[in-house]
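Single-structure report; data block below.
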Amino acid sequence: MAAETDPPNADLSAPARRILVTSALPYANGPIHLGHLVEYLQTDIWVRFQRMRGQRVLYMCADDTHGTAVMLSARRAGVTEEAFVAQVREEHLADFDQFGVEFDHYGSTNSDANRTLCERVWGALTAAGRVEERTVAQLYDPAEGTFLADRFVKGTCPKCGAAEQLGDSCEVCGAAFEPTDLIDPVSTLSGATPEVREAPHLFVTIEPLHDFLREFVSGSPDGGAGAVPPEVANYLKGQFLGDPSDPKELRDWDVSRPAAYFGFEIPGHPGQYWFVWFDAPIGYAASTLEWCETHGENFEDWWAADASSELHHFIGRDITYFHCLFWPAMLKTAGMKLPDQIHVHGFLTVDGAKMSKRRGTFIRAAKYAEHLDPSYLRYYFATKLTPRWDDFDLNLGDFADRVDADLVNTVVNLASRTARFAKPTGLSETYPDDGGLFAAGAAKSERLASLYEAGDFAAVTREVLALAAAANKYVEDAEPWAMKKDPAKAEELQDVCTVALNLFRQAAVYLAPVLPELAAKTEALLNCECSSWEAAQAPLTGTPVSKFKHMLTRVDRAKVSQMVEESKAEHAEAEAADAPAATGGKDYIAEEALEPECTIDDFLKVDLRVAEVLESEAVEGADKLLKLKLGLGGGHTRQVFAGMKKVYTPESLLGRKVICCANLKPRKMRFGVSEGMVLAAGAGEPDIYILAADDGAQPGMRVH
RNA sequence: GGGGCCGUAGCUCAAUCGGUUAGAGCAGCCGACUCAUAAUCGGUUGGUUGUGGGUUCAAGUCCCGCCGGCCCUACCA
């Protein structure tokens with residue numbers, strides 16, 4: 001946990017800011033994975049930066065423990081919910097620890113502090129007349145004894161008849177409906193047939209706060225800044241708030257769930273529990289309350305409406321709605337501190353695609369740390385993080401290249417190529433002429449600080465790397481290795497190393513929020529302090545240099561692949577364990593219903609031929625398309641575009657015999673005309689399996 | 001169905017308010033060097049800025065259509 005004492009303030013004339021920072025609470029129903037880490041690392045970097053600048057920061061987080069999913073997981077595991085979330089908590093904390101994410105306090109939404117604050121907020125909502133009770137009809141699972149959220153019900157679409165559709169919409173025809181409309185609904189929890197039951201629910205009205213919320217997100221007319229970036233404000237206006245001239249009505253929010261539900265029972269409403277999304281954000285405050293109680297601080301100094309502190313939330317863009325509308329509405333009504341800024345980040349993709357368990361790119365934090373140095377990931381994420389909510393990609397090849405090239409070859413190289421020369425003498429007593437390099441780096445201080453402040457870590461790493469690159473050039477030009485051979489140039493050698501090591505240290509200080517371990521190793525090497533921002537302002541002189549030890553090893557590509565392979569294997573095991581035995585596998589016919597009966601004449605209209613893939617290339621600018629030239633014998637060829645690039649590489653198809661529909665009407669596509677279709681099984685990526693003919697089949701033969 | 005965001009070199013990203021010939025790193029190629037973790041330094045190849053229109057003296061940037069991706073949301077719009 002972070003030090004409580006205030007570090008020296010960067011700007012001695014200004015009092016330190018008091019900043020309360022949160023990351024969204026991870027749900028206590030699963031492990032932390034690389035997608036989660038985007039947010040915790042982003043927040044941790046920002047927090048560490050603020051601390052280096054002398055600000056007073058509280059970094060608060062907690063496990064989000066309530067809800068149906070946790071309740072069911074606990075049942076399945078045969079333990080109480082409390083025992084279940086306690087176990088998950090240990091795992092989460094271990095993961096955060098490995099990645100250097102340092103919270104001041106990590107609470108739980110299932111705590112007395114949270115219950116107390118939920119009651120306080122609830123009391124305020126009730127007193128303000130914002131709470132209404134209404135009856136809601138919902139599907140109920142008699143076997144599990146719980147009401148079912150939409151995603152826990154499957155059934156046949158009432159509109160198109162497609163089977164196995166989830167409770168709220170149909171993937172096949174796109175229809176939207178209520179789960180109670182489903183034909184033959186089945187609980188995915190127990191397999192039981194759910195019954196429709198009515199239960200009272202409590203709703204919170206936020207429409208009266210419409211004007212307040214508009215001002216909150218986009219700023220006040222008198223020039224006050226909004227709490228969210230412009231694109232987020234646009235989204236909220238477009239989706240929920242509308243224009244002042246054409247406002248949309250904000251819907252009431254259903255904040256209760258009937259028993260059985262793992263959560264807090266609502267005072268005065270026996271059998272009704274606060275919905276997990278109601279108590280989750282209150283967990284930010286509850287965590288602070290617990291911290292205050294053990295640190296002799298006053299909770300109101302951080303959470304009262306007029307508290308002089310700042311409140312910053314870091315969230316993913318999927319939960320923008322809750323944090324930017326409901327949450328401020330709750331706080332406003334409860335007379336509590338409003339967020340000053342909500343930092344919204346995008347999602348992580350891996351190798352250009354959504355994280356996929358099947359492909360092994362759904363990687364747990366713990367699995368990553370088994371194989372690779374967490375510093376790599378902290379750095380790589382930093383090179384990608386901006387204040388915008390764009391998604392960004394963890395390209396595993398690029399990841400390894402980038403870490404090696406930037407950190408090992410450029411930054412650490414500065415130390416490793418000169419520390420040995422400097423060890424016998426230490427650093428020079430006075431800082432030598434370096435052509436202005438150190439001063440130029442020092443002059444970057446405020447610019448880099450404002451980039452950190454704005455969350456533009458990508459720009460920070462770019463600029464610091466440019467400094468380190470210039471430093472390498474300095475060493476190259478000075479040729480210390482030549483001086484080493486000439487005893488008369490010992491002083492000159494010491495000077496060159498003094499410059500190189502100071503430039504290295506400057507970079508390490510600037511990168512310290514991202515790479516705290518590198519900063520610590522730099523402190524050990526140079527016997528100095530690297531934990532304050534001002535450390536980059538003045539060069540170090542006359543100090544001893546320790547024996548150089550490797551600070552960061554190159555990325556082992558084999559470990560990267562191993563990590564992916566093992567993640568893949570984990571998924572396969574989990575699937576095998578989940579699959580009910582001897583049910584004959586997945587019901588693909590239910591998933592994609594049979595077409596109406598056809599006659600032999602209908603079938604013969606489709607002319608299927610054996611074809612050989614003569615040419616195969618990926619289509620530039622298309623993610624899914626391969627352009628194939630098919631040989632049908634006798635000199636006949638066809639150009640066919642096939643949407644299977646994500647599953648088959650172009651080379652893997654060359655020379656293969658495939659089955660194609662040879663009389664399909666040619667279709668003009670963006671990249672050319674497609675004159676047929678290659679047959680493959682499966683509903684689409686990643687399930688695409690090309691049909692093949694047995695040996696002996698020749699191109700052009702018809703399939704009967 | 002509605003909305004938001006995104007699309008720039010093989011890869012990852014820059015480009016102030018619309019302003020010169022769209023830049024950088026990595027990878028590739030050529031050369032130099034050898035202190036350093038096959039590191040470093042110099043040079044160099046590589047772009048119809050997804051696509052088609054429009055506005056403008058000037059468009060990667062602004063407007064409209066289309067294609068593609070991600071997300072949110074919805075029997076309202």
Side-chain angles (χ1 to χ4, degrees), chain A residues 158-159 168-170 174-178 181 229-242 246-249 251 316-322 324 344-349 351-354 380 383-386 388-422 456 458-459 461-463 465-466 468-485 493 496-497 500 504 548-556 618-625 643 669-671:
Chain A
K159 196 164 177 184
D168 52 354
S169 64
C170 173
F177 41 78
E178 294 299 317
D181 298 334
E231 65 269 34
V232 178
N234 287 343
Y235 156 74
L236 291 167
K237 282 184 278 187
Q239 190 67 43
F240 304 105
L241 295 166
D246 179 25
K248 298 169 190 277
E249 188 172 335
R251 294 178 167 216
R317 60 195 202 143
D318 52 331
I319 56 176
T320 301
Y321 173 59
F322 293 101
C324 300
V344 189
H345 63 80
F347 288 135
L348 180 72
T349 56
D351 282 343
K354 237 190 277 196
Y380 190 75
T383 67
K384 300 277 186 139
L385 282 164
T386 71
R388 294 174 294 277
W389 70 352
D390 306 347
D391 291 353
F392 73 82
D393 189 43
L394 166 60
N395 179 300
L396 292 170
D398 180 59
F399 163 78
D401 289 346
R402 188 80 185 255
V403 168
D404 283 356
D406 287 3
L407 295 183
V408 180
N409 298 354
T410 305
V411 178
V412 173
N413 186 45
L414 277 171
S416 76
R417 71 193 304 197
T418 55
R420 253 163 253 199
F421 295 147
D456 201 344
T461 56
R462 261 201 315 277
E463 301 216 0
L465 258 292
N472 268 307
K473 179 167 163 44
Y474 166 85
V475 175
E476 198 69 23
D477 293 344
E479 302 189 350
W481 54 92
M483 298 168 182
K484 178 89 192 304
K485 291 171 187 156
L493 175 63
V496 168
C497 294
F504 164 70
F548 180 80
K549 289 184 222 153
H550 270 24
M551 294 180 162
L552 210 58
T553 56
R554 311 176 73 73
V555 178
D556 184 344
V619 177
E620 286 297 317
D623 285 343
K624 298 183 184 179
L625 290 182
M669 302 179 67
R670 188 175 137 215
F671 305 97

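In this text the structure is predicted, and so the values were computed from the model without any measurement. Convention: sequence-line order gives letters A, B, ...; per-chain numbering from 1.
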If you check every side-chain atom of A:Y321, which of B:rG4, B:rC70, B:rU73 has the closest atom? B:rU73
Contact check, residues 397-407 of chain A vs RNA chain B, heavy-atom distance under 4.0 Å, returns A:D398, A:D401, A:R402, A:A405
Expressed as a whole number of Å, how far does the C1' atom of B:rG1 sit from that of B:rG25? 44 Å
Do the ring planes of A:F240 and A:Y321 sit parallel (below 30°), tilted (30 to 60°) or perpendicular (above 60°)? parallel
So, is A:N234 close to the B:rG3 phosphate, meaning a side-chain N or O under 4.0 Å from OP1 or OP2? no
Given B:rU37, B:rC72, B:rG42, identify the nucleotide with an atom nearest to the side chain of A:H550. B:rU37
Take atom C1' in B:rA27 and the same atom in B:rU44, then report the distance between them in whole Å. 14 Å
With no hydrogens and no angle check, do the side chains of A:N395 and A:R402 hold a donor and an acceptor under 3.5 Å apart? no
Quick one: which of B:rU12, B:rA77, B:rG4 gets closest to the side chain of A:W389? B:rG4
Side-chain contact check for A:D391: nearest option of B:rU40, B:rC70, B:rG3 is B:rC70
Among B:rC72, B:rU12, B:rU40, which nucleotide has an atom closest to any side-chain atom of A:F240? B:rC72
Dot-bracket for RNA chain B, 5' to 3', with Watson-Crick and G-U pairs under 3.5 Å, [ ] for crossing pairs and | for other-strand pairs: what is it? (((((((..((((.....[...)))).(((((.......))))).....(((((..]....))))))))))))....
Could you check, using the six-membered ring where one of them is a Trp, whether A:Y235 and A:W389 have ring centers closer than 6.0 angstrom? yes
Using atom P in both nucleotides, what's the gap between B:rG18 and B:rU61 to the nearest angstrom? 11 Å
Could you check whether A:M551 gets within reach of a base, just the sugar-phosphate, or nothing at all, counting any heavy atom under 4.0 Å? base
Using the P atoms only, state how far B:rG3 lies from B:rA74, rounded to an integer number of Å. 15 Å
Distance between C1' atoms of B:rA14 and B:rA24 (Å, rounded): 7 Å
Counting the atoms with a prime plus P, OP1 and OP2 as sugar-phosphate, which does A:A469 contact under 4.0 Å by heavy atoms, base, sugar-phosphate, or nothing? sugar-phosphate
Just to verify, what does A:R388 make a salt bridge (Lys or Arg N to Asp or Glu O under 4.0 Å) with, not counting sequence neighbours? A:D390
OP1 or OP2 of B:rC76 under 4.0 Å from side-chain N/O of A:K248: no
How far does the P atom of B:rG2 sit from the matching atom of B:rU45, given to the nearest Å? 47 Å
Can you tell me, in whole Å, how much space there is between the P of B:rC63 and that of B:rG47? 29 Å
Determine: side-chain N/O of A:N413 to OP1/OP2 of B:rU37, distance under 4.0 Å, yes or no. no
Does the A:D404 side chain pair with the main chain of A:R554, one donor and one acceptor, at a distance under 3.5 Å? no
Would you say the side-chain atoms of A:D393 pair up with the backbone N or O of A:D351, donor to acceptor, closer than 3.5 Å? yes
Between A:K384 and A:L348 (side chain of the first, backbone of the second, donor and acceptor by atom type, cut-off under 3.5 Å), is there such a pair? no
With respect to the side chain of A:K473, which nucleotide from B:rC72, B:rG42, B:rU37 is positioned closest? B:rG42
A:R420 side chain N/O closer than 4.0 Å to the phosphate oxygens (OP1, OP2) of B:rU37? yes
Please measure how far the P atom in B:rC11 lies from the corresponding atom in B:rU16, and state the result in whole Å. 23 Å
A:K384 side chain near B:rC13 phosphate (N/O to OP1/OP2, under 4.0 Å): yes
Here the distance between atom P of B:rC71 and atom CG of A:D393, to the nearest Å, is 14 Å
Identify whether any heavy atom of A:K354 sits under 4.0 Å from a base atom; if not, whether one sits that close to sugar-phosphate; answer base, sugar-phosphate or nothing. sugar-phosphate
Of the nucleotides B:rC70, B:rC5, B:rU37, which has the atom closest to the A:S416 side chain? B:rU37
Kindly indicate whether the side chain of A:R317 and the base of B:rC70 share any N or O donor-acceptor pair separated by less than 3.5 Å? yes
A:R417 with A:E476: basic N within carboxylate O range, under 4.0 Å: yes
Side chain of A:R462 only, heavy atoms from C-beta on: which candidate in B:rA14, B:rC35, B:rG4 is closest? B:rA14
Any heavy-atom pair between the side chains of A:F548 and A:V412 that's under 4.5 Å? yes
By nearest-heavy-atom nucleotide on RNA chain B, the more 5' of A:T410 and A:A458 is A:A458
Given B:rU40, B:rA74, B:rG3, identify the nucleotide with an atom nearest to the side chain of A:Q239. B:rG3
Closest to side chain of A:D318, choosing from B:rC35, B:rU40, B:rC71: B:rC71
